[in-house]
Number of protein chains: 2
Amino acid sequence: MKDQDAKTLSNTQRAVRDLRQMILSGELAAGTDHLESELAETLGMSRTPIREAALMLESKGLLEMRPRKGVRILPVSSDDMREIYDILTELESLAAQRAAEAGYSEDELAVLAGSIAKMDQAIEAEDLEAWAEADELFHQELVRLGGNKRVEAIVAMMSDQVRRARATTLFIRPLPVKSNEDHRVVFQAISESRPDVARERHREHRLQAQAMLCGILEKHRLTSL
Amino acid sequence: MKDQDAKTLSNTQRAVRDLRQMILSGELAAGTDHLESELAETLGMSRTPIREAALMLESKGLLEMRPRKGVRILPVSSDDMREIYDILTELESLAAQRAAEAGYSEDELAVLAGSIAKMDQAIEAEDLEAWAEADELFHQELVRLGGNKRVEAIVAMMSDQVRRARATTLFIRPLPVKSNEDHRVVFQAISESRPDVARERHREHRLQAQAMLCGILEKHRLTSL
DNA sequence: GCATTCTTTAATGTATACGCAAATAAATGC
DNA sequence: GCATTTATTTGCGTATACATTAAAGAATGC
């Protein structure tokens with residue numbers, strides 16, 4: 001429970017937050033159906049805010065509302081991840097380019113640098129959860145520095161689904177040492193204001209990560225189905 | 001009125017369609033506020049479907065719901081268009097690449113070829129409306145051929161806003177002769193299965209179009225405000 | 001025993017009612 | 001006359017009730 005629950009947040013907002021959390025945590029498993037009224041009872045509110053929340057989560061691609069069938073939690077297939085990574089590759093590369101063009105000061109790049117440091121520490125400690133968290137921070141901050149609000153929104157939307165897939169891949173994939181090097185190279189290009197380098201390096205980084213992760217998901221597809 | 005109105009479409013769906021249309025046509029002008037109850041009365045339904053529709057259109061960036069202020073129709077600034085075109089540049093270039101990789105047959109490329117033909121005719125006849133329509137078809141079909149459903153969804157979402165901006169630029173911009181040549185080059189690269197060429201040519205095409213259109217919007221910013 | 005139709009059920013789509021909070025208007029104190 | 005506080009209004013958030021319709025089950029005819 002956060003500090004504010006019934007206070008400043010509306011029921012609709014709580015429903016969005018809670019349902020999202022339940023989906024990401026797997027409490028609402030992929031592929032399962034749930035009636036609006038069940039969810040309403042679970043979260044202790046009426047159907048109205050549940051419907052509004054479901055509508056929002058539907059537009060984010062986390063679930064699907066089907067008349068008479070209830071809301072279905074959408075599974076994330078390897079094909080889905082391929083689509084998502086394709087988009088992230090393009091939009092994050094753009095962000096890297098724009099961030100390099102912007103000529104940020106060392107201070108303004110502190111969060112980005114910090115996330116790389118955290119990833120290094122996590123690798124050292126072989127703490128994959130911590131690494132994943134820092135990795136997400138890096139990508140999120142990179143996109144923020146890119147300065148395009150719509151890119152930010154799209155990436156945030158997709159990152160929910162990436163997070164779900166990561167639950168599968170994180171403990172199977174090789175230790176992300178190479179990944180950390182990639183991040184450093186991109187960071188350097190941004191801090192040296194070299195847009196084309198930042199763009200291309202990040203693009204390569206993403207393409208490699210995508211190939212690896214989709215490969216893993218493909219292999220384990222049968223397991224999860 | 002389409003063939004089906006009260007028949008197969010729910011009120012929520014009608015509200016989405018009608019509100020979207022009213023925004024695109026300018027009937028609901030950018031920057032204006034409207035109470036949920038007003039809109040409900042206008043469309044002859046209760047607030048519930050209006051709210052659900054507004055929620056969807058909000059996620060598409062056409063409007064904003066603000067407590068006690070009503071729903072605000074969001075204006076499209078030149079900054080907005082810069083953001084949108086940046087995204088379209090990246091995602092459509094990806095689509096062009098993927099379309100070229102897919103190795104479509106002549107038949108499968110018929111719609112794309114047709115849209116180019118229509119643009120040529122429109123230029124000939126100096127019919128800018130027809131040209132815009134064909135141009136939109138080209139980009140839409142290109143993205144479809146790219147085979148990424150999420151890209152399709154994002155582009156469709158943004159194209160609503162592009163359409164609103166076009167109302168400003170269409171009759172000011174130079175006759176899009178160069179644009180047609182660009183399209184032909186991209187088409188050829190796709191039909192010859194040359195992904196890198198398709199990607200780069202389309203990218204250049206988009207960057208030029210963006211620079212031109214944002215320039216126009218920038219100039220006429222004062223007029224519209 | 002199977003198929004078809006009717007009945008019933010159950011879940012959604014939508015209307016409506018109401019409480020609450022925010023914005024505006026009014027009133028009182030200084 | 002201005003500021004501050006109090007009333008009032010008004011629009012939203014949400015609960016709830018109801019109508020609609022699709023799906024499931026029962027029953028009847030063949």
Side-chain angles (χ1 to χ4, degrees), chain A residues 1-23 28-74, chain B residues 1-23 28-74:
Chain A
M1 319 277 169
K2 282 288 164 56
D3 49 332
Q4 50 197 10
D5 215 294
K7 205 71 179 181
T8 50
L9 253 51
S10 74
N11 277 359
T12 302
Q13 290 171 312
R14 281 203 303 137
V16 168
R17 190 195 60 185
D18 292 350
L19 289 178
R20 175 174 168 277
Q21 192 51 47
M22 288 165 79
I23 293 171
L28 294 177
T32 56
D33 292 331
H34 306 271
L35 297 180
E36 292 175 3
S37 39
E38 286 175 17
L39 295 174
E41 193 170 10
T42 304
L43 298 190
M45 56 186 72
S46 83
R47 275 178 54 220
T48 307
I50 296 291
R51 273 181 70 86
E52 296 195 348
L55 237 17
M56 294 184 186
L57 294 174
E58 184 174 41
S59 77
K60 289 179 126 201
L62 285 184
L63 54 81
E64 183 187 25
M65 296 176 79
R66 309 182 309 166
R68 327 249 144 220
K69 303 280 187 174
V71 305
R72 156 157 298 180
I73 312 302
L74 290 176
Chain B
M1 318 274 172
K2 283 286 164 58
D3 50 331
Q4 48 197 11
D5 214 295
K7 204 73 179 181
T8 50
L9 252 52
S10 74
N11 277 0
T12 302
Q13 292 171 311
R14 282 202 303 137
V16 168
R17 190 195 61 187
D18 292 350
L19 289 177
R20 176 174 169 277
Q21 192 51 46
M22 287 165 79
I23 293 171
L28 294 177
T32 56
D33 292 331
H34 307 270
L35 298 180
E36 293 175 1
S37 40
E38 286 175 19
L39 296 174
E41 194 170 9
T42 304
L43 297 190
M45 56 185 72
S46 83
R47 274 179 53 222
T48 307
I50 296 291
R51 273 181 70 85
E52 296 194 350
L55 237 17
M56 294 183 187
L57 295 174
E58 183 174 42
S59 76
K60 290 181 125 202
L62 285 185
L63 53 82
E64 184 187 25
M65 295 176 80
R66 310 181 310 166
R68 327 251 141 218
K69 303 281 186 172
V71 305
R72 158 157 296 182
I73 312 302
L74 290 176

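In what follows, chains are A, B, ... by sequence order, proteins preceding strands, each numbered from 1. FYI, side chains are in, hydrogens and waters are out, and symmetry mates aren't considered; it's all heavy atoms of this structure.
- B:Met65 comes within contact range of no nucleotide atom at all, as no heavy-atom separation falls under 4.0 Å.
- Residue B:Arg68 places its side chain closer to D:dT10 than to any other of D:dT10, D:dG13, D:dA22.
- Computed from coordinates, the A:Glu52 CD to D:dC12 C1' distance equals 10 Å when rounded to whole Å.
- Remark on DNA chain D: of its neighbouring residues A:Met45 and B:Ser37, the 5'-side contact belongs to B:Ser37, judged by nearest-heavy-atom nucleotide.
- By the 4.5 Å heavy-atom criterion applied to side chains, B:Leu43 and B:Arg14 are not counted as neighbours.
- When DNA chain C is scanned 5' to 3' for any atom under 4.0 Å from a heavy atom of chain A, the first and last hits are C:dA10 to C:dT14.
- Put simply, CD1 on B:Ile50 is 14 Å from P on D:dG13, counting in whole angstrom units.
- Closest-nucleotide positions on DNA chain C for A:Val71 and A:Thr48 were compared, and the one nearer the 5' end corresponds to A:Val71.
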Derivation and outcome, side chain to side chain contact (heavy atoms under 4.5 Å, CB included), residues B:Lys69 and B:Glu64
CA-CA 10 Å; B:Lys69 303 281 186 172; B:Glu64 184 187 25; over 6 Å; no

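- Rounded to an integer number of Å, the gap from CG of B:Leu39 to P of D:dG11 is 12 Å.
- The CD atom of B:Glu36 sits 9 Å away from the C1' atom of D:dG13 (whole-angstrom rounding).
- Of the two residues contacting DNA chain D, namely A:Thr12 and A:Arg47, the nearest-nucleotide position lying further toward the 5' end is that of A:Thr12.
- When side chains are defined from C-beta on, B:Leu9 counts as touching B:Arg17, because their heavy atoms get closer than 4.5 Å.
- Remark: A:Glu58 CD to A:Met56 CE distance equals 12.5 Å, nearest 0.5 Å.
- When side chains are defined from C-beta on, B:Asn11 does not count as touching B:Glu52, because their heavy atoms never get closer than 4.5 Å.
- Of all the heavy atoms in A:Leu62 and A:Ile23, the pair that sits closest is CB-CD1, 4.2 Å.
- Here the C1' atom of nucleotide D:dC12 and the CD atom of B:Glu38 are 14 Å apart, to the nearest Å.
- One interatomic measurement links the two molecules: CD of A:Gln13 to P of D:dC12, which rounds to 15 Å at whole-angstrom precision.
- Following rounding to the nearest Å, A:Arg51 (CZ) and D:dG13 (P) show an atom-to-atom distance of 16 Å.
- Counting heavy atoms from C-beta outward, A:Met22 and A:Ile73 have side chains that stay 4.5 Å or more apart.
- Computed from coordinates, the A:Lys69 NZ to D:dT21 C1' distance equals 14 Å when rounded to whole Å.
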